Amino acid sequence: MDLELLLDATVAGLLLGGFYAALSIGLAIAFGLLDVPHIAHPAFALVGAYGAITLQGMFGLDPVLAGVILAAPFYLLGVATYRFYHATFESRGSDAGLRGLAFFFGVAFILEVGLILVFGIDQVGVRAPYIGQALWLGEMRLPMRLLVAGGCALLMAALLILWLKRSFTGRAAQAVAQDETALALVGADPVKVKQVAFGVATATVAVSGALLVIVGPVEPNMARIYIGKVFAIVVLAGLGSVPGTVFAAMILGVSESIMLSGPAASWTPAVAFGLLLAVLAFRPQGLFGR
Amino acid sequence: MTIHRRTLLAATTAATLTSPLVARSQPAGAPIRIGFSIAQTGTLAAGGRPSLLARQMWAQDVNARGGLLGRPVELVFYDDQTSAAQSPGIYAKLLDVDRVDLIYGPYGTPVQAPILPLARQRGKLLFGNFSFRANEELRYERYFHVAPFGATPDAWPGAFVKLAHRNNFRRLAIVTADAAGTVALGAVARETARGLGMEIVYDQRYPFNTVDFSAVLRAIRSARPDAVYVGSFPNETAGIVRGVGEIGVGNTVQLFGGGMVGLQFAPLLEQLGEAVNGITNFQTYVPEPTMDFPGIREFLARYATAARAANVDVLGFYLAPFNYAMGQVIEQAVRATGRIDDESLSRHMREATFDTVVGRFAFGPTGEWREPRMVQVQFQGVRGTDVEQFRQAGRQVIVEPEGLASGQLRTPFERSRR
């Protein structure tokens, strides 16, 4: 592979990584911090994508703005989902993880069927001035839709880091991941903290969904494509680390992009899990885990 | 008053005379049941739903004409979720529990693959539905395929390569999804190119459901091909077309496309709009003057109304007429033989020629069309995203085979997109 192609692949990979980061940030909180086996995370993102499509159809909104507006109802959806999950599984025993996995699998399936019933099975998308356009940097052309996705991912990551570091609830959400009992002893309600944190995680999913449909048309059964990838990114990052999630997503994006440019393109899916295995073997806590 | 009596008498007489005729035209007795699985969810649902709609339209039409052998036709179907794991169980149920009289195959190569041995074991006539080279090895004599792929392997991807060769484009890039169907088609493109002495400058498979094709397109561009054969599924087709619009594929490329699934269907065309201009791709039917078969326009007009109501592909060019034609073939075979058993119908179908909304055709030794009729069309002059424009001639211009060509291939690729 020549140097120019390698450079192109790296830049394309960074943009792709930005998109992956947008999809994974919410899971970094839901799974990484709160230990909720949220495999319906990409399905929620898909609901966000269809929500953006609907808002654009009704009011002509830009998909990113639609995603931001949807963040509020998604926060409430997240709170309600966590309350149900906690009451039904978490509070009832030590095997909550496994049963929760089955629960979220069921949720993902129901969401998929619901989307089919409401929107049909055909691919649908959105329109925006930046879709189909490219930014010229010398001889290099960068797809605007991926730049928008990457930019939004970085902004979302920055806001989440601020929330986690500066706000009481954010710090409590990090504390609940470390020692739930200790948090209860200092007077905070771990369940309420988790509820808010899960709500915030789900709110980010609304924006990720809007970015998903900016990157390409969506269809109801698309969520399963991303399940393995987003979990690999979160584990690779180190559970609960938002900067780590962005970094891991970039690594994955660049690795995939370089593989796709090379002579073994069909082996690209092995990259995510190959990287994951290597990191788990040499640094089990993940790249940014403590 | 007298007039009223006469009117009443006339009306009564007319009713008495016509009612037996009406009764005779209505199918009666036990229905002839045709069973099949069809993708209503999963990867191929976008094709499965228009297929089902067209089959239902035929069933309504044939029943309105008095049914088959005076009996009504009933379709018995299940959603196979585009899963090869589901289809064998469904067909076992259709044959053993539902006890259908005839079976149609599912839509798509991978889903139909396990059904052909089952049909052979049971001695059932099987009507294939867009399943690529399904009977090439088994050579089951009761298999018939409605798609115009033909038995010669080069009729589809080979046509794209031949088009490139005829135009002196000698450097070929091949990029396909890493899935059974697209890999098989890519292999045919490769064999055809080698047979014609073309140079293959790029030959890669990308993983199924790849999100961004920037890297692939840049690698193709650096190989400086004259023609690029792409074998992709709908999700990736959208990504590739958008990627081509954003970062380009290089000014050496004259011809691009060939095997991109999704560009046959209205939803993706609506999504991509003008971005499809210049792409040359496979089709089975387009409304060009050279494909104006008897009944096709009327069928598509009726189909469009039904499709809007059912929220499925409103154009329906690729699959719907052929699925309607399946019914027409069965209808003509039953009328000719006066029977519905698999043996009699198969014997007749091997020999006969059928007149359908997709034209006149006959089946060859492996059940494929004796004369293949896949076309390569180039998108030209597409403006905006209104799919109704594709009903006009000149939007999908047939450029291969020469016998059906309806316009000139525009090159180079980048300029043809303006």
Side-chain angles (χ1 to χ4, degrees), chain A residues 1-2 4-5 7-13 15-16 19-20 112-113 116 119-127 131-135 140-146 149 212 215-222 224-226 229 253 256-271, chain B residues 39-49 81-82 175-178 183 202-223 234-239 241-248 262 265-268 270-275 310-313 385:
Chain A
M1 189 187 300
D2 62 39
E4 189 186 345
L5 196 57
L7 183 67
D8 278 353
T10 307
V11 174
L15 295 178
L16 182 63
F19 168 62
Y20 287 161
E112 182 180 326
V113 173
I116 289 172
F119 295 98
I121 42 84
D122 292 324
Q123 288 188 327
V124 283
V126 287
R127 302 192 199 296
I131 294 175
Q133 302 301 316
L135 177 73
M140 195 180 286
R141 286 194 264 179
L142 307 176
M144 289 291 286
R145 62 198 160 96
L146 287 174
L212 183 67
V215 168
V218 294
E219 57 187 30
N221 62 4
M222 209 175 179
R224 58 189 78 168
I225 299 170
Y226 294 101
K229 220 165 260 184
E256 281 194 355
S257 188
I258 290 173
M259 283 292 286
L260 274 173
S261 304
S266 60
W267 282 89
T268 304
V271 169
Chain B
Q40 298 297 285
T41 53
T43 319
L44 296 180
R49 295 186 73 201
Q81 300 165 27
T82 322
V175 58
T176 63
D178 196 11
V183 167
Y202 178 90
D203 193 351
Q204 284 293 320
R205 301 176 196 175
Y206 65 81
F208 196 48
N209 286 323
T210 292
V211 177
D212 177 51
F213 285 88
S214 304
V216 173
L217 293 171
R218 286 182 171 110
I220 291 172
R221 192 170 57 193
S222 73
N235 282 344
E236 300 110 46
T237 295
V241 174
R242 281 205 171 147
V244 165
E246 289 161 347
I247 66 167
F265 303 110
L268 196 58
E270 193 172 19
Q271 290 301 314
L272 296 170
E274 297 175 13
N311 195 23
V312 301
D313 176 18
T385 56

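Owing to the predicted nature of the structure, the values given are computational and were not obtained by experimental measurement. Note on naming: letters A, B, ... go to the chains in the order of the sequence lines (proteins, then strands), and numbering restarts at 1 for each one.
- The minimum heavy-atom distance between B:R242 and A:R145, with the atom names listed, is CB-NH2, 3.9 Å.
- For the salt bridge (Lys or Arg N to Asp or Glu O under 4.0 Å) condition, the pairs that include at least one residue of residues 209-220 of chain B, sequence neighbours left out, are A:D8-B:R218.
- Among all heavy-atom pairs drawn from A:L5 and B:S222, the shortest one is CD2-OG, 3.9 Å.
- Across B:S214, B:P267, B:P207, the residue that shares the most heavy-atom pairs under 4.5 angstrom with chain A is B:P207.
- With respect to chain B, the highest number of heavy-atom pairs below 4.5 Å among A:A134, A:G216, A:P220, A:P143 belongs to A:P143.
- The greatest number of non-hydrogen atom pairs below 4.5 Å with chain A, out of B:G239, B:A238, B:P234, is found for B:P234.
- Residue B:A275 does not touch chain A at all, counting heavy-atom pairs closer than 4.5 Å.
- Contacts between A:Q123 and chain B at a heavy-atom distance below 4.5 Å involve backbone atoms as well as side-chain atoms.
- Top candidate by heavy-atom pairs under 4.5 Å with chain B, chosen from A:P217, A:G253, A:G13, A:G120, is A:P217.
- When B:R205, B:E270, B:Q204 are compared by the number of non-hydrogen pairs under 4.5 Å with chain A, B:Q204 comes out ahead.
- Chosen from B:R49, B:Q40, B:R221, the residue pairing most often with chain A at heavy-atom distances under 4.5 Å is B:R49.
- Of the two parts of B:Y202, only the side chain, counted from C-beta on, holds a non-hydrogen atom closer than 4.5 Å to a non-hydrogen atom of chain A.
- Only the side chain of A:L16 comes within contact range of chain B, judged by heavy atoms closer than 4.5 Å.
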Does the side chain to side chain contact (heavy atoms under 4.5 Å, CB included) test come out yes or no for A:T268 and B:T210, once each step is laid out? CA-CA 9 Å; A:T268 304; B:T210 292; over 6 Å; no
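- Of the atoms belonging to A:I121, heavy atoms from both backbone and side chain fall under 4.5 Å from chain B.
- Neither the backbone nor the side chain of A:L135 comes within less than 4.5 Å of any heavy atom in chain B.
- The contact between A:V126 and chain B is made entirely by backbone atoms, counting heavy-atom distances below 4.5 Å.
- Heavy atoms closer than 4.5 Å to chain A are found in the backbone of B:V312, but not in its side chain.
- Of the listed residues (A:V124, A:I116, A:V215), the greatest number of heavy-atom pairs within a distance under 4.5 Å of chain B belongs to A:V124.
- With a 4.5 angstrom heavy-atom cutoff, A:E219 touches chain B only via side-chain atoms.
- Of all the listed residues (A:R127, A:M140, A:E4), the one sharing the greatest number of non-hydrogen pairs under 4.5 Å with chain B is A:R127.
- Only the backbone of B:D313 comes within contact range of chain A, judged by heavy atoms closer than 4.5 Å.
- Counting heavy atoms from C-beta outward, B:V211 and A:F19 have side chains that approach closer than 4.5 Å.
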